[in-house]
Each structure stands twice: as C-alpha cells, then as structure tokens.
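First the structure, in the form of structure tokens, and then the observations on it.
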Amino acid sequence: MGRFSFSKSDTTELPKAYDPQEVEARWYARWMERNYFRAEATSDKPSFCIVLPPPNVTGSLHLGHALTATIQDILIRWKRMNGFNALWVPGTDHAGIATQMVVERELKEKEKKSRHDLGREKFLERVWEWKNKYGNRIREQHKVLGASLDWSRERFTMDPGVSAAVREVFVRLYEEGLIYRAQKLINWCPSCHTALSDLEVEHEEKQGSLWHIQYPVKGSDRKLTVATTRPETMLGDTAVAIHPEDERYKGLAGQSVVLPLTGREIPIIADAELVDPAFGTGVVKVTPAHDFNDYQTGLRHHLPMLNVLDEAARVNAEGGAYAGLDRYAARKKILEDLTAQGLLEKEEPHKLSVGGCQRCATVVEPRLSPQWFVKIEPLARPAIEAVEQGRTKLIPESWTNTYFHWMRNIHDWTISRQLWWGHQIPAWYCADCSPRLEATGGIDYSRAEPNVSRTPPEKCSRCGGSRLEQDPDVLDTWFSSGLWPFSTLGWPEQTPELKTFYPNSVMETGHDILFFWVARMMMFGLHFMKDVPFRTVYLHAMVRDEKGEKMSKTKGNVIDPLDIVLGAPAEQLNKNLRNKFPQGMPPHGADALRFTLASLTQQGRDIKLSLDRVAGYKAFANKLWNASRFALMNLGDFTLDDRSIKERELTLADRWILSRLQRATVETRNALEAYNFGEAASTLYQFLWAEFCDWYIELAKSSLYGEDARARDNTRAVLVFCLDRILRLLHPFMPFITEEIWQKLPMSRPADSIMISPFPEPDASLEDAAAEAEMGPVIAAIEGLRNIRGESNLPPSARITAYVQSPDARTRELLERWRGYLMPLAGLGELRVTAPGPKPALSAAFVGPRMEVFVPLAGLIDVDAERERLRKEITRSEQEVGGIKRKLDNPNFVAKAPPDVVEKDRARVEELEARISKLRDNLNRLAPEAATREVIKAEAGTVEAEVVETEDDDEDVHEIGGVEAEEEQAPEKPERKGGIAKGAVKTQAAPKARATSAKAPVEKAAAAKKAPARKAAPAKKAPAKKAAPASKAPAKKAVPVKKAAPTSKAPVKKTPAKKAPGKKAAAKKAPAKAKVPARSPAKAKVKPAARKAPARKKPSASRVAKARR
RNA sequence: GGGCGGAUAGCUCAGCGGUAGAGCGUCGCCCUUACAAGGCGAGGGUCACAGGUUCAAUCCCUGUUCCGCCCACCA
C-alpha cells in the first residue's frame, strides 16, 4: 500500500489525561469499515489461523473469555503485523443442554409450561428465537475488547454448513463401524433426563454411610452381611458376590440368598475381580443395572439386569411396594423396613465420591439404556501418536502427560443426548419392520436397526418401507465442536479456505477443556483431514477472583469484563466489588484489561485477577499517553522523514535509547515467539516506563530545549522513531491507544493503520554497547546525587553543588561533556569535574564507579542522615565483600570454579574494598569532632575546596542556630556535643562568607520554603509559600522565579512561628523525634540483620544496572 | 488410589546453579512547565522444612509438611 503522509491537521494536541472510552469506540468501527480483519484464502502471504473457541450463543462473556480473546488477538495482530495472512475465525456454540435449560427455565417462569407442552417443533422455534435475540451479545463484547476477528466468516455450530459436516462425519464413522448403537450402562442425569458422557460427570468427595445389611441364606439360618452405600439399589440386586478364596464364606458360592423386602431369590457367586475380601464384610450385593462395577460383573456371570429406577430416578414398577418413591425416599423407607425386620446390622460413616451432573449438579444415576457411541480407541491412537511425534505440541508441555494418560485410558464416547436442541441424529427407524414395545406399541429403540443417512431416506433399506422416523436424540455438543477447525472452513466441501488454513496454526483455550474439546478435535481432524488440526495447543490458566476462588454466580464474585472496560454503576456490581467501589466501577479501558490479562499469563496456574492490577495498567496507558503528549508538544513542525535514523548526528542519550529499544525489540519478539506473553508485556512496560520515560525523556530535554537546532531536530527524530516502534511493539497488547497515538505522529506511515503496518524488526546496527557503557557514569552520578538529596529530604527545587572527582580522564571528559544531563536530573546548581584532589570539607559523598561525588553540606544536607547513609553503604559493601572473600578463601572454589567466575569475584573484591575505604574516609570527615573543626572553604568559585585544618571555628555553629528557620529543630535537637547538633539535625556549616557565595542563599530559600509547606498541613500551603522565600537569598537566579517570593525576611522570622500551623514542628517532628532515639538501638539491630543486603539494592540502581548490561 | 502444579518482599507473582526482581502496598520529600493515573528517594526477603549432589543451591536430587487441581466403575 501507499505511504500516507502526515498532515498537520492530524496533530491535534492530546488531552492531558487518556480517555479510553472515546478512543476505543472510535477505532474498532474504523478498522471494521476498512476490512482490516478480513483474511483471504487466496493470499500469497504465509497463513496463520486460529479458530476462536466458540462460546455458548446465549451466554455472555466472562473473564475467561476475555483472556482467550486477549491472547488470541495478541497472536493474530502480531502475526498480521509480521506479514502473515492472519485469520481468526469467530463463532458460537449451540451448547445443547445449557441452552435448552435456559429456555426451558424461561418458559416455565413466564408461561408455566414445559417443553413437552409446546412440543418439539414449537420449542425449537423458541430456542432459535432466543438465540437470535441474545446471540449477538458475544459479538458485541468481543468488539469492545478489540478482538480482530474476521466477522465475515462467523459461524454457528448449527449453521447449515456446519450441520452438513456433522452429518457427514456421523455417517462416515457409522459406515466405518466407529459409531454404533447399543444398550449399555451409561451416566444419566435424573433431572435433565439425558445421557451424559463420562466427562460431563463431576465427582465430588462426600461423607456418606456404609450400611451393613443381612441377607438370609436360603435353606439355612445363616445370614450374609453385605455392605452398601446405596441400600435402595437392593431392589435391583441379582446376585451376591464373595471372594473365591475367602475362608469365611467357603462353600457358599452356588447357593442362594433371599433378598430381604422383596423375597426374591438370588444366587451367591464367587468373583475375585469385584470382591476385595478386606473391604467391608467381604460380601458384595450385585446390582448390574445400577452400578458400573456390578454391570461388568453381571456381564461376566450372565446375570439378569434388573432396572428398578425410571428416568427421574424414582423406583419403577419393579420396586413393588416402593414403586413411585424417589430414590432417596426409597432409601429411607427401605432402611426403616430393614431395621424393623432386624436386618440392618449397622451403619458406619463412609467417604465416597459422588458423581454430579455438570449442568445441574443432580447426582448422576447409572442407567441401562440404548445410546449411540463412538468407538474411540481407533481414533485415539493416531491422536496419541501425533503428539508423541511432536506434530502437535502442547504448551505448557506439562499437559502432554495428562493428555496421554487420558487418551490411553479412554472409554467409548456416549454421544447421544435425550434433548431437543442440537444436531438430531441422522438415523431413521422403520415403522414397518422395527420391533415394538409391548407396553406402548411404539418402536423399541433398543432393538431397532437404524437407517443411517446424510439425508432423510426415502425408504427403509431393510424392508423398503417408507414410514421412517428419525431418531429423536441429538448429538453431544462437543461432537460438532470437535469438527470446528475444519467445519468452519467449509468442509466437507474442498474449499480454498480449507486448503489455505488447515491445519490451523494454534489452538488457544483453557486447560479445562483439554479432553472435552482439544482431544476430540485431534481425533476428528486426524481422521477426516489426515492431518493434525493445529500445530500448537496453548492452554491457558483459569481466571479466578483475587482470592483465588472460582468465579461463580452463587459465590457472587463474578466480574463482568465489560464492567472493567466500560465501568459500571454500583448497583450492577457484585457485593465484593460494591464494597470496593461504592461509587461504581470506573472505566479502565480494554487496553488496560488486555494488558493485565497478558501480564498475568503464566504457565499452568490459576490467574488471580486483581482490579488494582488493572488500575496499574490503566496508569501505564496514561503514561504512554503522556509521554507521547510530551513528544508532540515538543516537535514543533518537525516531521520524521525516511532517512535512516543512524545517519543523524546523535547525542549520547539518543544512541543509548536506540540501543535499549533494540534490545527491547528483540526481547519482545523472543517472548512472543515462545508464548511468554507476560514476559513480553513486562519487557515493554519496563522499557517504556523505566527507560524511555524515566531517563530518555528527561535527558532529551537538554537538547529539545537547547539552542542547537540540529541537535534538537535529531532528538525529535529519535523521539518519534522510538515512539513509533514502541507503539507498534505494544499494539498487539493495547490496540486502541497505540493506534490513536500512532496516527498523530508526524512521520510518513507505511500504512494507514498501525494494525497493518510491520511489527518492528530487530536492527542490530542500533545496538550501541559504547553508548550504554558511556551512560553508565552519567546515570551512576545522577543516582548517587539523587540518593544524597533524597536521604536529606531536599525538595526538588533546592539546587545543590556537586564536585565530581575521577581519576579517569575519559570519565571526566564524559561527565563534562554531558553536564547538560547531570545538572537538571540531579538538581544541580553547579557542577565541578576534576581529578582526585583535596576533598571539599564537610560534604556528603557518593562513591561510584571510578568517581567520587561530593556535595557540600552548606546549609541543606542533613549531616546526621548523611552519616547514616554512609554507614549503611559501608555495611552493605562489607557484607558483600565478606561473602565473596569467604568464597575466595576456599581453595576448592579457586581451583574448580570457572576462571572467569573467580576473576570476576576478585575484581569485585578489589572494587568493593576501594569503595569501602573511600566511604570510611568520607564518614570520618563527617565525624562530629572533625566537623566542628572544619571550615568550608569552597566558597563561590573555589572549586578545590580544601580540607581545612582544624581550626575551631564555631561560627558555623552559630550560624546554624541563626539559620533561621531551619529550625524548629532546635527544640528537639537531642544533645549537642561541642556545640554541634548530634541528633538528626539539618546542620549546616554556613560560614558568613557563604552568604555571599552562590548557592547558599538558594538552599536557604529552599529550606525555608519547605518548612512552611509541610505536608502536615495538607490543605493550605498557600500562606506558607509566601513566607518561604525571603531570607538572605536575594538575587540568586538559581531560584526559580516563581518561588522566589517577595521580599523581606520578615516572613522568615515568621517561620519559627510555623509550629503553629502544625507543620513539621508539631506533626512530623514529633514522630521523628520518637524515631530518633529509637533509631539507634534499632539500627544496631538492623545492621546485623542487614548483612545480606548487597550494595546495589536500590531499585533504581538495579534497574539501570540492568539497563546497562 | 493414581497423576500434575504450587510454596520467593505485607499482597499478587517473575527468576530456576555463581548469595534475589517487578507491580501494587508502605515510609520520606515534592503539584519540577508530558503525566499527582505523576516525580525522586527509602525500607522490606534464613527464596516452606530436612537431608543430598556441587567449588557454589532459591534454582538440581530425595524426603517431609501444607495448599490447589485433574483423573479413577473405592461395595
């Protein structure tokens, strides 16, 4: 496509805060209009295809769906930007039981009717109406999330095309003998009145009882005691079993017992498989029609199978006196009767696992009935092999074993359901030649032979009769979804789509449907397409609430993803959320939700979604917005041309950020390639915030605001270049905000939307190790200075002077050259870079790599805090060096560890020791005794401040007191020693000379101003402001004008009064004080404890360390 | 009864042989002209417990204890 050049009108200034609502609504519509989601079967680009796991049509998206949509959209957008013909197929599932139940419930509530009252045809019309009414909701929700689905290919599992595929598969499997009909014991839901597959039964451990019941042996006085958890099934007993080797019951096999209550006579059989002599009494009642074990036993021994329950699990006519009773009522009655007859020996507590219906939780009843089955083993075998051979790969890999285990122990699949909503089974029974039921005269389906056919047959293949009735049952929902990877592409027609997009590239879904769905797709895909349905299966975790609990309506902890995105009034929220958001949930935007979900993605575990996290990523979006806003505000009429960025003459910061960008690009791509969405997200988060915003933008200001027009334009170019790349890297995660900003960048665009422009390629030539190395000292110096400032609680407005001494000419040259970075970022008023020499007296010091940085204390640094800081640094370094030395002292280590590791440690020791000695040195110079005797000579221009000999110059001390404001400290100053405040005092050695010196006044101003502004009095700092400036700091330009307050020192005087407002004097000081005394002891304690802390633990330092790496 | 995960900072989680990282929360200073949904600084961890392998273990092996999940026709 052509290039779309930037036009000025596009660059409206960005609003100050990002408003996702407005932006998101706008872009989705535009993408749709322009057909960007459409993938063509005829494209010559490599194809990449994902089919969306079809949600239930009548449902509504939950967070699990949002996770699915997010991950898949990331993959699709990423691939699309990488030049793939990326197809993402949307669709919905008819979800048999679930949907039918919903409609039935409504019918009952609104019209007090059952589906039988309506009849099949009418009822199905209702369901379709329902589907048409609610079926669009899913689509709209996906749009809100930004999912780039190809809506032109949307499918529904009961569409004519997909239905034809279902019939085709059924008929072919039947013809191949892989689908059969049989009367077998299956799982039956007495409430839904349908058969269920094994998977649809959920087992739960429950506390039940084991009842011991006596069965009189026929023709003797002996009684056999059986143990059972389900006494009601005794009505259907057709034998009693003992273990053949059991001495206790020797000789009984072959005799019979009289079944209590019914008087029926049943045989005693010996069966080693069923009976475990050690369990219970060693005698088992056998009920083949109501228990899977007994069923097998019944087959082995050719026992009669006596069904005593009806479809609702009530006792049927076979139950004699108990007929009509519900199974549990029957149990109760039976136990009572047994007790009355003295046959109930005892009842003991017993834990057992009970199977419940997945849909309605009703306890499932094994039931003998005619059903359709898929003979699964022949289909499972190739599906196992495909994974064994790696033709399909599961991610995380740990699922592979689970998959194998299940597939190797798989049972035939019960596919018929006694429902109305679904694919009616394409089998017809002949009314002329089928066997009839005696009772009703209807066709006896358990014995009838079906005519299986793709279309309704004209006549019966057996007798030629034409009165054919279709099998009333429908297929398991998963039968049709199992075909999804090819049925959506037009199969059984040989469409171009099928050719282009099968096998699909990735199947992305929750691990909870590995068996339900993924395994079935594998089997069907391999069988009918002769190839795996997809190359990769990515299984994501389950989304839980922030406490790790499953979200469910009954728990009331469900969070609707759309509420997170769009916000919601309080009354619409669940109770937890309502507590958290009494005013209603604020909108977070789809981008923030998506980024959150992507970040939380990690292998094989539950995802606990916390809204605080979402809020954090909303802030991230805002950060991106504002960084862009900053750029746009500072671009002037600049437009980035197509010339390579490297041809420009770049500053250190420019080169550095480009190098970092290159690394972030590689890392992001690698992470995505490996499906590490969380890592990709975190890489981008860190890069944008901690490197681009925290460092680059700040550094760039020096050239952006500078005089040099060329440098300014070059930095503008780098800004735009970086933003462009960042936005593209981020686009798959945050499609909306990235598009919105990208459209405003002044540059020529490769396409008119970011979503179809190329994903950033790594460009090794941008990597610039030299630039990263050069940034090292700059960053180190800035961080060291900030640390000093921070520990003394200096306000940002206070300018300080820094003396940097480095033995290394290169370092000195660098710092000198890039002083434009150091000064603003470290808040310097003045910077002197020299070779090592005399150190400024009474100064705070930072020992960095190949450099020492000094900040004269003159009036603003808290000496006590500074000492503390140094001690801390020393301790840390000592601890680290101690550990390493211990290692080096071990001859084995030196002998066996790789030489580079040893070398590294040696170097580290050297470095640390040098550092420690410098730190000690600096600490000593701050020793209270020393301090009293030092005088700062470093006045105004005298860079080379000298350590002044010990002259007792108390002036500073006095000054201190005199230094106004500063302090209310006075009162709390702990003891003084030799006139020097020893406690945490903002001391300042302020020789009178200082007054004339450059900085001093400034700091004073700052200090003064700060005092009043104490946060203690949150609201009004207004007055404070005024008061502040005053002091002797008249002219200093260093003082921002605005701050420089009016005139007189009068205000200053006032300052003392400050305690009144409750500023620090009152509020903060007090606590501080308390802290101080406590501090020492505590400190002592802390110190030892702190031993493990390595020197560079400060986050920023490590961040940068990383950055430098 | 099998199998699979997990146990790391107050919380949620990364890291997975060379003595620990993020986000949120906490504490301190700041409304500094991109952003207070913000900036700067700080504090916070015997990496569940016990053995073993190794020069070196949060990381590998074994066992234990707790959590969680899956599978299983345990009368």
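Throughout, a chain's letter reflects where its sequence line sits, starting with A, and its residues are numbered from 1.
- Spacing of P atoms, B:rG17 relative to B:rC60, comes out at 8 Å, to the nearest Å.
- In this model, a side-chain donor or acceptor of A:Glu698 finds a partner on the base of B:rA34 within 3.5 Å.
- Checking the phosphate oxygens (OP1, OP2) of B:rG3, no side-chain nitrogen or oxygen of A:Asn401 falls inside 4.0 Å.
- Residues meeting the side-chain hydrogen bond (donor to acceptor under 3.5 Å, both in side chains) test with A:Lys896, sequence neighbours left out: none.
- Taking only side-chain nitrogens and oxygens, A:Lys16 never comes nearer than 4.0 Å to OP1 or OP2 of B:rG38.
- We find that A:Glu365 and A:Arg367 are not joined by a salt bridge, their nearest charged nitrogen and carboxylate oxygen being 4.0 Å or further apart.
- With rounding to whole Å, A:Ile800 atom CD1 is found 13 Å from B:rG41 atom P.
- Nucleotides B:rA48 and B:rA57 place their P atoms 15 Å apart, quoted to the nearest Å.
- Each of A:Glu791 and A:Arg613 was assigned the nucleotide of RNA chain B with the nearest heavy atom; the assignment lying further toward the 5' end belongs to A:Arg613.
- Under the rule for a side-chain contact (heavy atoms from CB on, under 4.5 Å), the partners of A:Lys701 that lie at least two apart in sequence or sit in another chain are A:Phe630, A:Ile697, A:Glu698, A:Tyr705.
- Comparing the same atom, P, in B:rG10 and in B:rU46 gives a spacing of 8 Å after rounding to whole Å.
- Note on A:Gly883: a base of the nucleic acid sits closer than 4.0 angstrom, heavy atoms only.
- In the set B:rC55, B:rG41, B:rA34, B:rG41 carries the atom at the smallest distance from any side-chain atom of A:Arg786.
- Using modelled atom types, no side-chain atom of A:Trp211 and backbone atom of A:Val226 make a donor-acceptor pair closer than 3.5 Å.
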Set out, in order, the CA-CA distance, both residues' side-chain angles and the distance that settles salt bridge (charged side-chain N to carboxylate O under 4.0 Å, His left out) for A:Lys885 and A:Glu878, then state yes or no.
CA-CA 10 Å; A:Lys885 274 183 158 171; A:Glu878 281 174 339; over 6 Å; no
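- Checking side-chain atoms of A:Thr400 against main-chain N and O of A:Glu397 turns up a donor-acceptor pair under 3.5 Å.
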Would you tabulate the side-chain donor-acceptor contacts of residues 276-291 of chain A under 3.5 Å, counting partners in other chains and residues two or more places apart, or write 'none'?
residue, atom, partner, partner atom, Å
A:Asp276, OD1, A:Ala278, N, 2.9
A:Thr281, OG1, A:Thr225, O, 2.4
A:Thr281, OG1, A:Val283, N, 3.3
A:Lys285, NZ, A:Thr233, OG1, 2.6
A:Lys285, NZ, A:Asp237, OD1, 3.0
A:Lys285, NZ, A:Thr287, OG1, 3.0
A:Thr287, OG1, A:Asp237, OD1, 2.6
A:His290, NE2, A:Asn307, OD1, 3.2
A:His290, NE2, A:Val308, N, 3.0
A:Asp291, OD1, A:Asn293, N, 2.8
A:Asp291, OD1, A:Asp294, N, 3.0

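- Of the candidates B:rA34, B:rC55, B:rA37, B:rA34 carries the atom nearest the A:Tyr705 side chain, counting heavy atoms from C-beta on.
- Here B:rA37 is the nucleotide among B:rC40, B:rU12, B:rA37 with the atom lying nearest to any side-chain atom of A:Lys618.
- The two residues A:Lys618 and A:Pro587 have their closest heavy-atom pair at NZ-O, 3.1 Å.
- Using a 4.0 Å heavy-atom cutoff across all strands shown, A:Leu514 reaches no nucleic acid atom at all.
- Of the N and O atoms on the side chains of A:Arg300 and A:Thr297, at least one donor lies less than 3.5 Å from an acceptor on the other residue.
- Of the side-chain N and O atoms in A:Lys872, none sit less than 4.0 angstrom from OP1 or OP2 of B:rA42.
- Between A:Leu611 atom CG and B:rG25 atom P there is a gap of 14 Å when expressed in whole angstrom units.
- Using atom P as the reference point in both B:rG18 and B:rC61, the two lie 16 Å apart (nearest Å).
- Here the side chain of A:Lys623 is nearest to one of B:rU32, B:rC35, B:rG28, namely B:rC35.
- Nucleic acid contact class of A:Ala627 (heavy atoms, under 4.0 Å, all strands): base.
- Within 4.0 Å of A:Tyr403, counting heavy atoms only, lies no atom of the nucleic acid at all.
- Distances shown here put a side-chain N or O of A:Arg876 below 4.0 Å from the OP1 or OP2 atom of B:rG43.
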Give every pair of a protein N or O atom and an N or O atom of nucleotides 51-53 of chain B that lie under 3.5 Å apart, one pair per line with the distance.
none

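- Within 4.0 Å of A:Tyr685, counting heavy atoms only, lie sugar-phosphate atoms of the nucleic acid but no base atom.
- Place A:Ala631 and A:Ser599 on RNA chain B by their nearest nucleotides, and A:Ser599 ends up nearer the 5' end.
- With P as the reference atom, B:rC13 and B:rA56 are 34 Å apart, rounded to whole Å.
- Across all strands shown, A:Pro898 has heavy atoms under 4.0 Å from base atoms, whether or not it also approaches the sugar-phosphate.
- Counted by atom type alone, A:Glu205 and A:Ser353 present zero donor-acceptor pairs between their side chains at under 3.5 Å.
- Taking atom C1' in both B:rG51 and B:rC40, the straight-line distance is 47 Å, to the nearest Å.
- Which of B:rG18, B:rG41, B:rC35 sits closest to the side chain of A:Val901 comes down to B:rG18.
- A distance-only check finds a donor-acceptor pair linking the side chain of A:His588 to the backbone of A:Pro586 [under 3.5 Å].
- Using a 4.0 Å cut-off, some side-chain N or O of A:Lys701 falls inside it from OP1 or OP2 of B:rA34.
- Atom CD of A:Glu679 and atom C1' of B:rG23 are 16 Å apart (whole Å).
- Taking the six-membered ring for Trp, A:Tyr403 and A:Phe515 have ring centres at least 6.0 Å apart.
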Given the rule in the salt bridge (charged side-chain N to carboxylate O under 4.0 Å, His left out) test, do A:Glu783 and A:Arg786 qualify, once you have shown the distances and angles that lead to the verdict?
CA-CA 5 Å; A:Glu783 290 191 328; A:Arg786 281 175 173 175; 5.7 Å; no
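- Base contact: A:Ile884 has a heavy atom under 4.0 Å from a base atom.
- Remark: the separation of the P atoms in B:rA22 and B:rA42 is 12 Å, to the nearest Å.
- In this structure the side chain of A:Phe292 never reaches within 4.5 angstrom of the side chain of A:Gln296, judged on heavy atoms.
- Between A:Glu348 and A:Lys346 there is a salt bridge, since at least one side-chain N of the basic residue sits less than 4.0 Å from a carboxylate O of the acidic one.
- Looking at the side chain of A:Lys608, the nearest of the listed nucleotides B:rC55, B:rU12, B:rA34 is B:rU12.
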The dot-bracket string of RNA chain B, counting Watson-Crick and G-U wobble pairs with both distances under 3.5 Å, using [ ] for crossing pairs and | for pairs to another strand, is ((((((((.[[[[.)..(..]]]].(((((.......))))).....[[[[[..)....]]]]])))))))....
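- Between the CD atom of A:Glu868 and the C1' atom of B:rA42 there is a distance of 13 Å, given to the nearest Å.
- Put simply, NZ on A:Lys887 is 18 Å from P on B:rU54, counting in whole angstrom units.
- Protein atom CG of A:Asn793 is 17 Å distant from nucleotide atom P of B:rU32, rounded to whole Å.
- For the P atom pair drawn from B:rG6 and B:rC59, the interatomic distance equals 13 Å after rounding to whole Å.
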Which letters describe nucleotides 69-75 of chain B, given B = protein heavy atom under 4.0 Å from base, S = only from sugar-phosphate, - = neither?
--S-BBB
